[in-house]
Amino acid sequence: YRRGRRYLVGYLGVMAEFDGIDHLIKVAYELILNRGRRDIQFCLIGSGPMLESLKTLAEDLKVNDYVEFTGRIPDSDVIERLSSCDVCVSPDPLNPLNNKSTMNKILEYMALERAIVQYDLLERRRSAAGASLYAEPNNIHDFATKIESLLSNPDARFQMGRLGLQRMVESLEWKHQIPRLLKTQPNTA
């Protein structure tokens with residue numbers, strides 16, 4: 001999956017207007033062309049209405065050799081690819097929906113013990129806590145810097161991955177969430 005490169009950065013999810021994949025491609029441009037990081041491969045798993053225009057953007061920015069768009073793939077392949085990543089990302093930009101939404105990909109990254117880079121959004125910080133580095137919202141340069149920081153620090157990646165898995169097991173698994181959800185249901189009797 002690394003295509004001969006040292007590091008692998010992964011994304012899983014929908015590729016629609018508000019998912020920030022255009023930000024991620026610009027992050028790839030910043031790292032590869034502006035900062036000269038020819039040692040990073042990006043693996044983008046998923047599909048959506050923006051897929052073809054995102055491929056075009058990667059070509060226009062001349063990073064298409066560093067960005068693989070897998071499309072939709074079987075769950076076993078998703079797990080294998082994400083487990084191979086050094087860092088997983090969530091480039092969802094700041095907007096009212098993203099700020100207050102829990103995204104499955106964050107929980108999936110945590111369950112696979114992957115360190116995360118994402119924008120500093122309210123619900124993302126609640127979900128991932130110490131399993132993530134948080135970039136200034138919508139700041140592509142800061143996002144790239146956070147990725148570089150994690151790539152240069154394997155111990156931090158390991159610790160963040162462990163924290164994420166621990167958080168999943170100890171507080172975010174369904175067995176912990178079901179009682180909370182049932183408690184908030186209105187009494188209909």
Side-chain angles (χ1 to χ4, degrees), residues 1-15 19-46 54 58 61-71 73-93 103-121 124-125 127-136 139-169 172:
Y1 307 126
R2 295 171 188 269
R3 296 190 177 180
R5 297 188 173 92
R6 181 173 181 181
Y7 300 110
L8 184 61
V9 174
Y11 169 84
L12 169 65
V14 177
M15 297 184 187
D19 294 301
I21 308 307
D22 57 328
H23 287 227
L24 185 55
I25 293 169
K26 291 172 186 172
V27 165
Y29 175 85
E30 172 64 22
L31 289 168
I32 294 159
L33 294 173
N34 287 347
R35 301 185 190 186
R37 297 296 305 256
R38 304 292 196 271
D39 58 347
I40 304 171
Q41 178 69 31
F42 290 80
C43 176
L44 282 56
I45 303 169
L54 293 166
L61 294 178
K62 300 184 181 357
V63 296
N64 51 313
D65 288 341
Y66 295 84
V67 179
E68 177 188 13
F69 292 91
T70 68
I73 57 176
D75 290 346
S76 59
D77 292 346
V78 169
I79 292 168
E80 185 175 318
R81 283 176 176 266
L82 289 179
S83 295
S84 300
C85 290
D86 298 290
V87 173
C88 289
V89 295
S90 180
D92 304 88
M103 297 295 175
N104 288 343
K105 64 181 152 254
I106 301 302
L107 305 177
E108 291 168 349
Y109 298 159
M110 291 165 59
L112 293 171
E113 291 187 83
R114 300 296 93 192
I116 304 165
V117 172
Q118 57 188 324
Y119 288 126
D120 194 359
L121 307 181
R124 305 313 158 81
R125 193 172 278 275
S127 298
S132 180
L133 288 185
Y134 300 93
E136 178 185 330
N139 184 328
I140 288 164
H141 298 285
D142 192 34
F143 203 102
T145 298
K146 296 297 192 273
I147 289 174
E148 270 191 312
S149 174
L150 277 180
L151 292 180
S152 69
N153 192 337
D155 290 336
R157 291 195 312 264
F158 176 78
Q159 290 302 323
M160 291 170 74
R162 295 291 304 242
L163 282 171
L165 179 60
Q166 181 180 3
R167 186 158 168 69
M168 288 298 297
V169 170
L172 297 177

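Sequence positions, counted from 1, serve as the residue numbers for this chain.
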Pairing residues for Arg6 by the side chain to side chain contact (heavy atoms under 4.5 Å, CB included) criterion, not counting sequence neighbours = Asp39

Does the side chain of Asn34 come under 3.5 Å of the side chain of Glu30 through a donor N or O and an acceptor N or O?
-> yes

Flag for Tyr1-Glu68: side-chain donor and acceptor within less than 3.5 Å | no

Under a 3.5 Å distance rule, please check whether [X] uses its side chain to pair with a backbone N or O of [Y] as donor and acceptor.
X: Tyr134; Y: Ala129; answer: yes
X: Thr145; Y: His141; answer: yes
X: Arg3; Y: Asp65; answer: no
X: Gln118; Y: Val89; answer: no
X: Arg114; Y: Leu112; answer: yes
X: Tyr66; Y: Arg37; answer: no

Looking at every heavy atom in both [X] and [Y], which two are closest together, and how far apart are they?
X: Arg81; Y: Cys43; result: NH1-SG, 3.5 Å
X: Ile116; Y: Ala128; result: CD1-CB, 4.4 Å
X: Phe143; Y: Ser90; result: CE1-O, 3.8 Å
X: Asp142; Y: Glu136; result: OD2-N, 2.7 Å
X: Val67; Y: Gln41; result: N-NE2, 3.8 Å

Say you draw a straight line from [atom1] of [X] to [atom2] of [Y]; how long is it, rounded to the nearest 0.5 Å?
X: Ile40; Y: Ile147; atom1: CD1; atom2: CD1; answer: 7.0 Å
X: Ile21; Y: His23; atom1: CD1; atom2: NE2; answer: 10.0 Å
X: Met110; Y: Leu107; atom1: CE; atom2: CG; answer: 6.0 Å
X: Asp19; Y: Met103; atom1: CG; atom2: CE; answer: 6.5 Å
X: Ile32; Y: Lys62; atom1: CD1; atom2: NZ; answer: 13.5 Å
X: Leu12; Y: Cys85; atom1: CG; atom2: SG; answer: 9.5 Å

Does a side-chain heavy-atom distance below 4.5 Å link [X] with [Y]?
X: Tyr11; Y: Tyr109; answer: yes
X: Leu31; Y: Tyr7; answer: no
X: Leu33; Y: Leu61; answer: no

Looking at residues at least two apart in the chain, or sitting in another chain, which of them share a side-chain hydrogen bond (donor to acceptor under 3.5 Å, both in side chains) with Thr70?
-> none

Would you list the atom pairs, donor with acceptor, under 3.5 Å between side chains in residues 154-164 and any protein atom, with sequence neighbours excluded?
unit_1 : atom_1 : unit_2 : atom_2 : d
Arg157 : NH1    : Leu150 : O      : 2.8
Arg157 : NH1    : Leu151 : O      : 2.8

Begin from the C-alpha positions of Val9 and Asp86 and carry the test side chain to side chain contact (heavy atoms under 4.5 Å, CB included) through to its verdict.
-> CA-CA 6 Å; Val9 174; Asp86 298 290; over 6 Å; no

Salt-bridged, Asp92 to Lys105, with N to O below 4.0 Å?
-> yes

Lys/Arg cation over aromatic Tyr119: Arg124, 6.0 Å, 45° cone | no

Qualifying residue for side-chain contact (heavy atoms from CB on, under 4.5 Å) with Val87, from Leu133, Leu8, Val117 | Val117

